[in-house]
Protein chains: 2
Amino acid sequence: MQTHKPRITLKDIARNVGVHPSTVSRVLNPDTRKMVTKRIADRVIHASEQLGYRPNTFAQSLRTNRSYTVGVMVPDLTNPAFGPIIKGIDNVLEQSGYSVIVTNTDNVLEKEKRSVDKFHERQVDGLIIATARRLDDVVTTCLEEGTPFVLAVRSTIEKGVNSVVSDEIVGGQMIVSHLAQLGHKKIAYVAGPQFLSTGFERYQGYLQGLKNAGLKLDEDLVAIGDAFTEEEGRQAAIMINANQKPFTAIVAANDLMALGCYDELITKGLKCPDDVSVVGYDDMPFTRHFNPPLTTVHTPLLDVGMQAARILLERIWKPEQPARALKLQPHLIVRGSTGIPSSYSETGTKVTN
Amino acid sequence: MQTHKPRITLKDIARNVGVHPSTVSRVLNPDTRKMVTKRIADRVIHASEQLGYRPNTFAQSLRTNRSYTVGVMVPDLTNPAFGPIIKGIDNVLEQSGYSVIVTNTDNVLEKEKRSVDKFHERQVDGLIIATARRLDDVVTTCLEEGTPFVLAVRSTIEKGVNSVVSDEIVGGQMIVSHLAQLGHKKIAYVAGPQFLSTGFERYQGYLQGLKNAGLKLDEDLVAIGDAFTEEEGRQAAIMINANQKPFTAIVAANDLMALGCYDELITKGLKCPDDVSVVGYDDMPFTRHFNPPLTTVHTPLLDVGMQAARILLERIWKPEQPARALKLQPHLIVRGSTGIPSSYSETGTKVTN
DNA sequence: GACAGTTGTGCAAACGTTTGCAGCCCATTC
DNA sequence: GAATGGGCTGCAAACGTTTGCACAACTGTC
């Protein structure tokens, strides 16, 4: 009963209609359909539907060197931030007939290289890279090979690279500004990896924010994590606490790290936001359900994915266009994790309610 | 400067070494390498590395009818439950040289069909389907076409289908048992779509659980949502509340729906777990950070993905093997959203503290 | 009625592999 | 020393498309 139906080819249709395979090819290809008489075209189309023809993409790709396939590299699929991005990418690409090959690199360089190799081997028409470091081998390789690609949610040092990110520096400033307005003066920072643009620029935004608010940087209130994870956030918070300097707020480089801070505050018996305010970054799904609901900067993740895909398509069509670096505007979402500074503040005066 | 390096082919290597292309092919293919003299093989390998040879996968696939590609269909990439699953899949497949094409179907049938068509067109070697309904056209199509496939996290009515799921019925029972032990007698249920195995079986587990605990089903305490979403969970909770029957606990069909219940409780001014206990299902990432931390049934999502991939590989290798329906054991994770029943309970006795 | 121009179709090569078959060479055996 | 056999390698076809080119058939013009 295992009747693997025999594949229908152009030749079959041609024979059926009484015409040459190349004619069938022309009919079935939108770009060349006009070349053949309507009468014949109709018969071909009819026959192809009747027989249930499906083009053999391998043969097509072999001939044309186009795979209608795009590679997507993400660092960690369990991070809920990447779901929306991929969804956005898939949404726009599938409309143009492209398929999306996803790969998870776990933030390990070796895997990234292997992935990009694999992608080249499969001759993807383009790449969307959400794993890029500020200085990234993979990116330079792609530049050399001339593969169209765009960075999502990350940017690199070198110029002339397509990317779509949210404006991290502005985002960082908004956070500090918000806290300053509430009256916070001692604002700690749990930084992300500085070799990632997000980690680096958000920190720059924080610094700029302090300056804007007329506050001075206290290096004892800054700790840098090695990864954008809960655990690294917790470790960083522990380090800051260990410095024994008073502070009334912690800004974390992303939502996951903020959760790590939550944990550390709890173990120290500190309440958020009563004792310490906490801010995250990304507004990943369900942050509003956290305890307390997390004040954070909303990054339009779905949009990032969609725009990245659109730009990639542009580049695939016209490779010689100048690169675009798109910056989406983030916005602050104030929730329950930030409030007016408490007794813990530098003044030593207990603020009652 | 746009020096798209010319692709190196078998022929190039052959010429370089002074040997026939077919010999090169045999050397580079692990299965046939032993056919050729070590001396020549070494020279071929050397040359291929030197020239930077990359096989043309299209030509290979065209010839062999194998794409080393697997399709994965998920209903909603923004649901954090699917990240881990895909990660698991990718982990094991990439080790065997397979690439993963992901597609998001938004739970709409039309898109599912289009996706599976696309997959067939691309001649994926197999499919992992996380979108299946209990009665599913796509699944029957795949059965007919003879495409190897395995369902992840879902199962269907028909027999002889590969699947890996968690034991939903047992999970459902565990929840009720837990609540009954705490002393709950009026336990409401916010059901998921009954056309999905997860929705159906978890509900069956609930019913069985009631029976085990000697409790009677009150249909006014059950509402069925149309989707596994927060919003549908909230709507269902609203409907149950509207029935005006007392209850001390709500069991939701998944974590997202449980969050919807949280919302409804808040708007009604009810506290969880003091007034009403809430239980979810899935243990998706970060449930422990919710307010309150959600008691839920842990589904080993990463494992589901990995096992699904493994079974799929088995089927690709040996298509004639009988189907496997793997059930992973779930376990209950008790957190802060469940407690002893309150004043709201049927007895009318207010439990203090 | 011959010519140029246009339009539509067929021909065949090419894309880069894999693989059954044929044939060569060399070693082994009687 | 001839026959047998086994181990390596080359040959060529095939996978299913796409596409430049040639050619046939028409249209319209002088």
Side-chain angles (χ1 to χ4, degrees), chain A residues 4-45 47-48 51-69 97 120-125, chain B residues 4-45 47-48 51-69 97 120-125:
Chain A
H4 271 255
K5 324 182 177 176
R7 176 173 267 278
I8 304 292
T9 74
L10 287 185
K11 222 178 270 183
D12 296 324
I13 302 182
R15 195 178 316 124
N16 186 292
V17 178
V19 87
H20 194 270
S22 63
T23 304
V24 178
S25 169
R26 283 189 262 257
V27 173
L28 266 24
N29 193 322
D31 298 339
T32 49
R33 174 168 305 175
K34 56 191 174 189
M35 285 184 180
V36 16
T37 327
K38 176 118 174 49
R39 235 188 81 71
I40 296 195
D42 286 346
R43 283 168 53 208
V44 167
I45 290 174
S48 97
L51 298 179
Y53 170 74
R54 294 164 179 289
N56 183 320
T57 51
F58 304 138
Q60 290 183 144
S61 295
L62 177 59
R63 187 59 227 263
T64 62
N65 270 322
R66 304 273 241 43
S67 64
Y68 281 89
T69 274
H120 277 132
E121 198 163 281
R122 292 207 180 274
Q123 287 183 257
V124 295
D125 293 340
Chain B
H4 273 255
K5 325 184 178 175
R7 176 172 268 278
I8 304 291
T9 72
L10 288 185
K11 222 179 271 181
D12 297 324
I13 301 181
R15 194 176 319 124
N16 186 294
V17 178
V19 87
H20 195 270
S22 61
T23 304
V24 178
S25 168
R26 284 189 263 257
V27 172
L28 265 25
N29 192 323
D31 299 339
T32 48
R33 174 166 306 175
K34 56 191 175 191
M35 286 183 179
V36 15
T37 327
K38 177 117 172 50
R39 234 187 83 71
I40 296 196
D42 286 346
R43 282 167 54 206
V44 167
I45 290 174
S48 95
L51 298 179
Y53 169 73
R54 294 164 178 288
N56 182 320
T57 51
F58 304 138
Q60 290 181 145
S61 295
L62 177 59
R63 187 59 227 261
T64 62
N65 271 320
R66 305 272 243 41
S67 63
Y68 281 90
T69 272
H120 276 132
E121 199 163 280
R122 291 204 182 273
Q123 290 182 253
V124 296
D125 293 339

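So you know, we letter chains A, B, ... as the sequences are listed, proteins then strands, and number each from 1.
Among the nucleotides C/dC15, D/dT19, D/dT17, the one closest to any side-chain atom of A/Thr64 is D/dT19. You'll find that the side chain of A/Thr37 is closest to C/dG8, out of D/dG16, C/dG8, C/dA12. Nearest nucleotide to the side chain of B/Leu62, out of C/dG16, C/dC11, D/dT17: C/dG16.
We find that CD1 of B/Ile8 is positioned 13 Å from C1' of C/dG16, with the value rounded to whole Å. Atom CZ in A/Phe58 sits about 13 Å away from atom C1' in D/dT17, given to the nearest Å. Between the C1' atom of D/dT17 and the CD atom of B/Glu121 lies a distance of 13 Å, rounded to the nearest Å. Note: CD (B/Gln60) to P (C/dG16) measures 13 Å, nearest angstrom. Rounded to an integer number of Å, the gap from A/Ile13 CD1 to D/dT17 P is 8 Å. In this structure, CZ of B/Arg122 is placed 18 Å from P of D/dG16, rounded to the nearest angstrom. Summarising the geometry, the separation between CG on A/Leu10 and P on C/dA14 is reported as 20 Å, rounded to the nearest angstrom. When rounded to the nearest whole Å, the span between CG of B/Leu51 and P of C/dG16 equals 15 Å.
Here the side chain of B/Thr69 pairs no donor or acceptor atom with the backbone of B/Val124 at under 3.5 angstrom. Of the possible polar contacts, one joining the B/Ser61 side chain to the B/Arg66 backbone as a donor-acceptor pair under 3.5 Å is found.
In this structure, the salt bridge (Lys or Arg N to Asp or Glu O under 4.0 Å) partners of B/Asp12, at least two apart in sequence or on a different chain, are B/Arg15. B/Ser25 pairs by the side-chain hydrogen bond (donor to acceptor under 3.5 Å, both in side chains) definition with nothing, not counting sequence neighbours. Not a single side-chain hydrogen bond (donor to acceptor under 3.5 Å, both in side chains) links A/Thr23 to another residue, sequence neighbours left out. Partners of A/Arg43 by side-chain hydrogen bond (donor to acceptor under 3.5 Å, both in side chains), not counting sequence neighbours: none found.
Sequence neighbours left out, not one pair with a member in residues 27-37 of chain A passes side-chain hydrogen bond (donor to acceptor under 3.5 Å, both in side chains).
B/His20 has a side-chain polar atom (N or O) that falls below the 4.0 Å cut-off from OP1 or OP2 of D/dC11.
For residues 22-36 of chain A, proximity to DNA chain D is found at A/Ser22, A/Ser25, A/Arg26, defined as any non-hydrogen atom under 4.0 angstrom from a strand atom.
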